[in-house]
Each structure stands twice: as structure tokens, then as C-alpha cells.
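Everything on this sheet refers to the single structure shown next.
Throughout, residue positions are numbered sequentially from 1 according to the sequence presented. Numbering of ligands and ligand atoms starts at 1, following listing order. Reckoned from all heavy atoms, side chains included, excluding hydrogens, waters and symmetry mates.
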Amino acid sequence: MLSIDALRVAYGGAVEAVRGVSMDVPDGKVVAVLGSNGAGKSTLLRTISGTLSLHRGRVDAGSVRLDGADLVGRDPGKIVRLGVVQVPEGRRIFGRLTVEENLRAGGMASKDKSAKAAAQERVYDLFPVLKERTSQRGGLLSGGEQQMLAIGRALMASPKLLLLDEPSLGLAPRIIGQIGEVIAEINRQGTSVLLVEQNATMALGVADLAYVLDVGEVSLSGDARELARTDEVQRLYLGHESEAPQERTTAAPRKTLSRWTA
Ligand SMILES: Nc1ncnc2c1ncn2[C@@H]1O[C@H](COP(=O)(O)OP(=O)(O)O)[C@@H](O)[C@H]1O
Ligand SMILES: [Mg+2]
């Protein structure tokens with residue numbers, strides 16, 4: 001479905017944030033992108049959603065294809081209509097609008113009333129807490145509820161592919177668990193997901209496939225469960241020392257895991 005090839009993205013004159021990244025999001029899958037601060041995760045999502053120019057970034061090389069059509073250079077509204085919707089880092093809900101108004105804003109790109117009604121029902125089924133608060137202002141919700149509203153707002157556009165930028169950021173572990181469950185459910189309902197996270201435990205728990213971004217480059221990629229067992233991910237992202245590796249299938253750390261085809 002989504003296929004990124006040899007992508008290079010820079011800001012201003014100097015900062016090259018993404019340096020030759022290739023990755024695939026196959027239809028119906030959850031793909032996680034792990035990486036520490038500054039790795040280029042948000043830049044990647046901005047490039048896919050067409051919002052890069054709002055941040056004064058530019059694509060220097062490579063392509064981002066959705067079912068074959070290149071998304072680079074298209075405007076963000078067109079990309080939403082093609083079925084790719086981003087939940088930006090830091091949620092960005094409208095604090096002074098009510099829950100219902102926030103959701104309605106998410107459906108604005110579509111004129112299909114029955115699709116919007118169905119999307120709203122889906123959102124309220126996924127997030128009963130939002131249904132209880134339809135007329136409450138977004139800014140008065142808790143952090144977790146705001147994240148749910150941000151995801152709900154994106155779902156109002158009935159995406160084929162949902163882009164999530166660090167949905168767990170700043171949330172308590174229990175709430176992060178709920179967000180993980182919701183992502184799995186959204187995917188079961190047929191939406192593909194590209195999930196950018198620093199929280200590797202949540203991301204690898206829900207993802208089918210995963211990539212590790214390291215200063216703008218893919219350092220590791222493969223099946224999410226397999227990746228969770230590697231020394232590098234254990235050490236850097238899961239907070240375990242690798243002195244007593246059990247359950248390891250190979251003796252030497254492998255740089256590249258088995259690739260898959262989209
Ligand atoms: N608007 C911007 N202008 C200039 N540099 C930026 C901008 N946004 C991000 N960067 C730089 O690009 C690199 C990647 O950033 P980002 O994609 O935000 O990483 P991540 O989301 O993984 O933390 C970093 O070096 C960051 O400082
Ligand atoms: Mg980021």
C-alpha cells in the first residue's frame with residue numbers, strides 16, 4: 001500500500017533529517033517506527049502527509065507511493081482524500097471546541113454524510129469516554145482523552161492508512177496500554193497503521209513489522225516480535241541489559257532481519 005523508497009528530507013539549508021530511508025506499510029498491517037529524539041520519525045510522517053512544507057522542510061530525493069501514486073508534492077488535503085490521515089505529535093486538538101466539534105472538523109474533507117455518520121459511530125464505539133463528553137471542551141479533557149480525541153478526529157476522515165506520531169507521549173502506563181489496545185482494534189477494523197513511537201514496548205506489542213530509525217537512517221527492520229528479541233532493541237529501547245540472553249535464536253547480533261514484501 002505505502003512504499004517509501006530512498007527518501008531524503010532536509011530542513012533549511014543544513015539539517016538532513018531523513019537520509020535515504022526505504023520502508024513499506026503493507027495493506028492491513030501495523031508498522032512501527034522506533035527511534036530516539038531527533039531520529040527523523042516526525043519528519044517521515046510529515047513527508048507522507050504532505051505537511052512537510054509547513055515546517056519548511058523539503059524532499060531532496062526518493063519517493064513516497066500510495067498504491068503506486070507518488071504523494072511527494074501533493075497538498076495535504078488531497079492526501080487526506082486519498083485516505084492517509086496523520087495524528088500529529090502533541091495531539092493538536094482544538095482546546096476551545098467541544099469534543100463533537102473537534103470530531104466534525106476531522107470529517108470536513110469529506111462530503112459523504114453517511115460515511116461521516118458511520119465514522120462518528122465508530123469513534124464513539126472505540127472511545128465511549130468521548131461519547132459521554134460530546135459537549136465538553138477539548139482543552140478540559142485529560143491527556144489520554146485528548147489523545148483519544150485526536151485519534152478519533154483522524155478516524156472521521158475514514159482513513160485507509162492512519163499515521164500516529166508518538167501517541168503515548170506524556171501518558172501514564174495504564175493509558176498507554178489502552179491506546180495500544182485501541183490501535184489494535186482500529187487495525188482489526190481494516191485500517192493500516194504507521195505508528196511512530198519512543199515507547200518500544202507498546203509499539204512492538206501492537207505492530208506486525210517494525211523499523212528502527214537512527215539519525216535519519218534505518219538501522220534495523222523486520223518482524224516486530226523478532227525485532228523485540230534483538231540485543232540492540234532490548235538494550236536501547238526496552239531497557240534491558242543483554243548479559244543473559246535467553247530465548248535467542250542466533251548467537252551473533254544481526255544487523256538486518258528478514259525483510260518482507262509489500
Ligand atoms: N522544522 C524544523 N526545522 C529545522 N530542523 C528540524 C525541524 N524539525 C525537525 N528538525 C530536525 O530534524 C531532525 C529530525 O527531527 P524529527 O523528525 O522531529 O525527529 P523525531 O520525531 O524522531 O524526534 C532533528 O535533527 C531535528 O532537530
Ligand atoms: Mg517527533
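- Residue Thr43 has at least one heavy-atom neighbour below 4.0 Å for each of these atoms of ligand 1: 14 (C), 15 (O), 16 (P), 17 (O).
- Heavy-atom contacts of Arg46 reach the following atoms of ligand 1: 8 (N) (cutoff under 4.0 Å).
- Look at Glu89 and the Mg ion (ligand 2): an N/O/S atom of the residue is under 2.8 Å from the metal.
- Counting heavy atoms of neighbouring residues, nucleotides and ligands inside a 6.0 Å radius, atom CZ of Arg58 exceeds 12 of them.
- Heavy-atom contacts of Ala17 reach the following atoms of ligand 1: 12 (O), 13 (C), 14 (C) (cutoff under 4.0 Å).
- Annotation: atom 9 (C) of ligand 1 to nearest protein heavy atom, Tyr11 CE1, 3.4 Å.
- Counting only N and O atoms by type, the side chains of Ser63 and Asp70 include no donor and acceptor under 3.5 Å apart.
- Between the Ser22 side chain and the Ala6 main chain, a donor and an acceptor come within less than 3.5 Å of each other.
- None of the N, O or S atoms belonging to Thr43 lies under 2.8 Å away from the Mg ion (ligand 2).
- Residue Ser42 has at least one heavy-atom neighbour below 4.0 Å for each of these atoms of ligand 1: 17 (O), 18 (O), 20 (P), 21 (O).
- Counting only non-hydrogen atoms, the option in Val15, Asp165, Leu213, Val18 that gets closest to atom 11 (C) of ligand 1 is Val15.
- Placement of Leu141 and Leu126 within a single hydrophobic cluster is found when ILVMFWY residues are connected by side-chain heavy-atom separations under 4.5 Å, directly or transitively.
- Residue contacts with ligand 1: Gly40 is placed with a nitrogen or oxygen under 3.5 Å of a nitrogen or oxygen of the ligand (distance criterion only).
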Next item on the list: Go through Asp67 and Met1 one step at a time and tell me if the side chain to side chain contact (heavy atoms under 4.5 Å, CB included) criterion holds.
Entry: CA-CA 5 Å; Asp67 299 325; Met1 146 181 267; 3.9 Å; yes
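- A donor-acceptor contact shorter than 3.5 Å is absent between the side chain of Tyr211 and the backbone of Gly35.
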Next item on the list: For side chain to side chain contact (heavy atoms under 4.5 Å, CB included), just list the numbers for Leu162 and Ile183, CA-CA rounded to whole Å, side-chain angles, deciding distance to a tenth of an Å, and then say yes or no.
Entry: CA-CA 10 Å; Leu162 184 65; Ile183 294 168; over 6 Å; no
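- Between Gly138 and Leu149 the shortest heavy-atom distance is CA-CD2, 4.2 Å.
- The closest protein non-hydrogen atom to atom 24 (C) of ligand 1 is Gly38 O, 3.9 Å.
- Ligand 1 places these atoms under 4.0 Å from at least one heavy atom of Asn37: 23 (O).
- For atom 18 (O) of ligand 1, a protein heavy-atom neighbour is present inside the 4.0 Å cut-off.
- A salt bridge links Arg188 with Glu185: the closest approach of a Lys/Arg side-chain nitrogen to an acidic carboxylate oxygen falls below 4.0 angstrom.
- At a 3.5 angstrom cut-off on N or O pairs, Ala39 counts as close to ligand 1.
- Geometrically, Arg133 does not engage Phe127 in a cation-pi contact defined by less than 6.0 Å to the ring centre and at most 45° from the axis.
- Using a 4.0 Å heavy-atom cutoff, Gly35 is absent from the residues neighbouring ligand 1.
- Interface of Ser36 with ligand 1, defined as ligand atoms under 4.0 Å from a residue heavy atom, comprises 22 (O).
- Taking a distance limit of 4.0 Å, we find that atom 14 (C) of ligand 1 is approached by some protein heavy atom.
- No side-chain donor-acceptor contact under 3.5 Å links Tyr124 and Thr134.
- Ranking the protein heavy atoms by distance from atom 1 (N) of ligand 1 puts His55 O, 3.2 Å first.
- For Glu166, no nitrogen or oxygen atom sits less than 3.5 Å from a nitrogen or oxygen atom of ligand 1, counting backbone and side chain alike.
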